[in-house]
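In what follows, every chain begins at residue 1, and chains take the letters A, B, ... in the order their sequences are listed. Keep in mind it's a predicted model, so treat the numbers as computed, not measured. What you see below is based on every heavy atom in this structure, not just the backbone, and it leaves out hydrogens, waters and symmetry mates.
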Protein chains: 2
Amino acid sequence: MEPDDMTLTNQLCFSVYHASRLFTKFYKQALEPFQLTYPQYLVLLSLWEEDRQPLHKLGERLDFGSNTLTPLLKRMEANGWLTRSLPATDHRQLIVSLTEQARDAKPEIFTAIHQCVVQQNIDVSKYNDTLAMNHELIATLQRMLK
Amino acid sequence: MEPDDMTLTNQLCFSVYHASRLFTKFYKQALEPFQLTYPQYLVLLSLWEEDRQPLHKLGERLDFGSNTLTPLLKRMEANGWLTRSLPATDHRQLIVSLTEQARDAKPEIFTAIHQCVVQQNIDVSKYNDTLAMNHELIATLQRMLK
DNA sequence: GTAAATTAAATCGTACGCAATTGAATTGGA
DNA sequence: TCCAATTCAATTGCGTACGATTTAATTTAC
């Protein structure tokens with residue numbers, strides 16, 4: 001590794017960190033009317049794909065622990081997005097299910113985000129390569145942290 | 001915008017968000033022995049480049065407000081990394097200066113991070129394109145949020 | 001059948017991020 | 001000169017992130 005590689009590593013990490021904060025801020029604009037935060041929206045995305053997941057499975061998909069999810073899910077339950085229930089078969093688990101409000105709101109929320117993207121005239125397809133590279137970076141980082 | 005673009009936007013945001021959290025975790029391994037967090041390390045990086053910056057200039061570079069920096073800088077001062085002082089000319093500003101400890105520790109800290117990268121056999125130069133793409137993404141997001 | 005190991009959610013403590021407000025210091029225009 | 005506008009840092013409040021521990025339920029090994 002050359003001396004410069006230290007700078008590259010630093011810059012790469014900061015660029016990802018910076019982009020993440022800006023992206024979250026962008027989503028915030030669209031999600032605020034729904035009283036949703038970005039991590040809460042991620043939970044909805046996962047449940048829209050597959051309803052009635054146990055907490056640990058949600059955590060696996062989003063890479064969150066129960067220390068993050070437990071209070072987050074309680075807030076979402078308080079806002080009427082989901083219900084938390086114990087299955088009869090295993091009282092250790094906690095099943096998270098969407099409310100009707102959450103199922104119904106999906107198109108409206110997608111439209112709100114869509115609007116924000118369209119307003120800015122973003123060519124989303126341009127970012128296919130960026131997505132692929134991020135996936136590779138994530139895989140590398142996961143190997144590093146194992 | 002095609003229907004699929006919604007999915008792409010969602011995936012792109014999540015990939016950046018996920019990568020950022022993993023990268024921070026990676027740096028944490030190297031920084032923990034120094035009692036430094038990643039955002040605190042960013043402050044050191046900026047001050048190593050230019051010592052004695054006012055708080056708002058640090059904030060501009062790192063995209064942090066005083067609500068984030070004020071407590072963070074107090075913690076760093078408590079740990080002996082920097083000093084906070086009011087310039088005689090303008091009592092509104094707060095000048096942040098490195099301590100000798102912070103100036104001396106730079107090579108040691110860089111070595112610690114370097115070690116983590118080398119141990120994992122990462123080809124850092126591979127990520128030049130990713131960095132460039134992230135810069136473009138950041139520029140787009142900044143335009144969108146203006 | 002029961003004690004030990006495992007699994008799962010919750011709790012605790014610390015440190016960000018950030019919108020919004022406050023309050024002190026400085027500047028600039030009438 | 002004097003006061004209104006501006007510029008800063010600090011404060012407040014809320015919601016993540018996450019390491020570490022705790023507590024409860026279930027599995028397993030014997």
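At whole-Å resolution of the value, CG in A:Leu94 and C1' in D:dT23 are 15 Å apart. Regarding B:His91, its NE2 atom lies at a distance of 24 Å from the P atom of D:dT6, rounded to whole Å.
Both cation-pi conditions hold for A:Arg21 and A:Tyr17: the charged atom is under 6.0 angstrom from the six-membered ring centre and inside a 45 degree cone around its axis.
Summarising the geometry of B:Leu82 relative to B:Arg84, their closest heavy-atom pair is CD1-CG, 4.1 Å, with the distance given to 0.1 Å. For the pair B:Tyr41 and A:Met6, the tightest heavy-atom approach, listed with the atom from each and the gap, is OH-CE, 4.0 Å.
Taking for each of B:Leu86 and A:Asp90 the nucleotide of DNA chain D with the nearest heavy atom, the 5'-most of the two is the partner of B:Leu86.
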- Message: As a quick check of understanding, evaluate side chain to side chain donor-acceptor pair (under 3.5 Å) for B:Glu77 and B:Thr83, giving each step before the final call.
- Response: CA-CA 6 Å; B:Glu77 188 179 39; B:Thr83 59; 5.9 Å; no
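Among the atoms of the strands shown, none is found under 4.0 Å from any heavy atom of B:Ser20. Contact annotation for A:Lys57: no contact, since no heavy-atom pair falls under 4.0 Å across all strands.
Remark: aromatic rings of B:His114 and B:Phe110 are distant, center separation not under 6.0 Å.
By the rule that hydrophobic residues join a cluster once side-chain heavy atoms approach within less than 4.5 Å of another member, B:Leu8 and A:Met133 end up as members of separate clusters.
Within the structure, a side-chain polar atom (N or O) of B:His56 is placed less than 4.0 Å from OP1 or OP2 of D:dA9. An OP1 or OP2 oxygen of D:dT22 is reached within less than 4.0 angstrom by no side-chain nitrogen or oxygen of A:Arg92.
Taking 4.0 Å as the cutoff to heavy atoms of chain B, we find the contact window on DNA chain C bounded by C:dA15 to C:dT26.
More than 12 heavy atoms of other residues, nucleotides or ligands sit less than 6.0 Å from atom CZ of B:Arg61.
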Show the atom names and distances, to 0.1 Å, of all donor-acceptor pairs under 3.5 Å that link a side chain in residues 139-146 of chain A to residues at least two apart or in another chain.
from	atom 1	to	atom 2	distance (Å)
A:Thr140	OG1	A:Glu136	O	3.0
A:Thr140	OG1	A:Arg143	NH2	3.4
A:Thr140	OG1	B:Tyr127	OH	2.7

- nucleotides 15-20 of chain D: protein proximity per nucleotide (B base, S sugar-phosphate only, - neither; heavy atom, under 4.0 Å): SSBBBB
